[in-house]
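Because only heavy atoms are used, hydrogens play no part in the values below, and waters and symmetry mates are left out as well, while side chains stay in. If you read the sequence from its start, that first residue is 1, and numbering goes on from there.
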Amino acid sequence: MVKLLIAGDFCVKNFEESFFTRKRIQQIAAPFKELTEQQDISVVNVETVYSDCEAAVPKSAPNLKSPFVTLDLLYEAYCEGRMEEQEPYKQMLQRLQTGAVL
């Protein structure tokens with residue numbers, strides 16, 4: 001039997017970036033990491049745009065936006081090591097900072 005975890009609508013907003021220190025990220029992610037490690041497959045729906053830009057995202061639905069640092073919560077729950085040390089994250093961040101299309 002396969003153990004499957006599906007979580008939805010992950011969105012962290014209305015927090016200052018300084019709130020997300022490495023220690024605090026580890027503390028917040030620890031219970032979720034424990035849960036995901038007990039599963040064979042875990043899926044999380046990300047319900048936000050990740051951007052450090054102040055401007056609103058033009059759309060008709062609520063303007064949900066989270067700072068990039070909040071991605072560390074998901075990464076900490078699923079992976080080992082610092083997110084910014086991983087090559088795919090470095091590439092994505094570089095493309096976003098230069099305005100390149102993903």
Note to self: For a 4.5 angstrom cut-off between non-hydrogen side-chain atoms, does Asp40 reach Leu4?
What the structure shows: no

Next item on the list: Supply the members, apart from Met1, of the Ile/Leu/Val/Met/Phe/Trp/Tyr cluster built from side-chain contacts under 4.5 Å; use none for a lone residue.
Entry: none

Item checked: Nearest non-hydrogen partners of Gln39 and Ser42, listed with the distance -> CB-OG, 3.6 Å

Check: Do you know which two heavy atoms are closest between Lys3 and Gln38, and how far apart they sit?
Finding: CD-O, 3.1 Å

Next item on the list: List in chain and number order the residues that pass side-chain contact (heavy atoms from CB on, under 4.5 Å) with Val43, two or more places apart in sequence or in another chain; answer none if no residue qualifies.
Entry: Ile41

Check: Does Asp9 have any side-chain hydrogen bond (donor to acceptor under 3.5 Å, both in side chains) partners at least two apart in sequence or in another chain, and if so, which?
Finding: Asn45

Check: Can you tell me how far CD of Gln27 sits from CZ of Arg24, rounded to the nearest 0.5 angstrom?
Finding: 7.5 Å

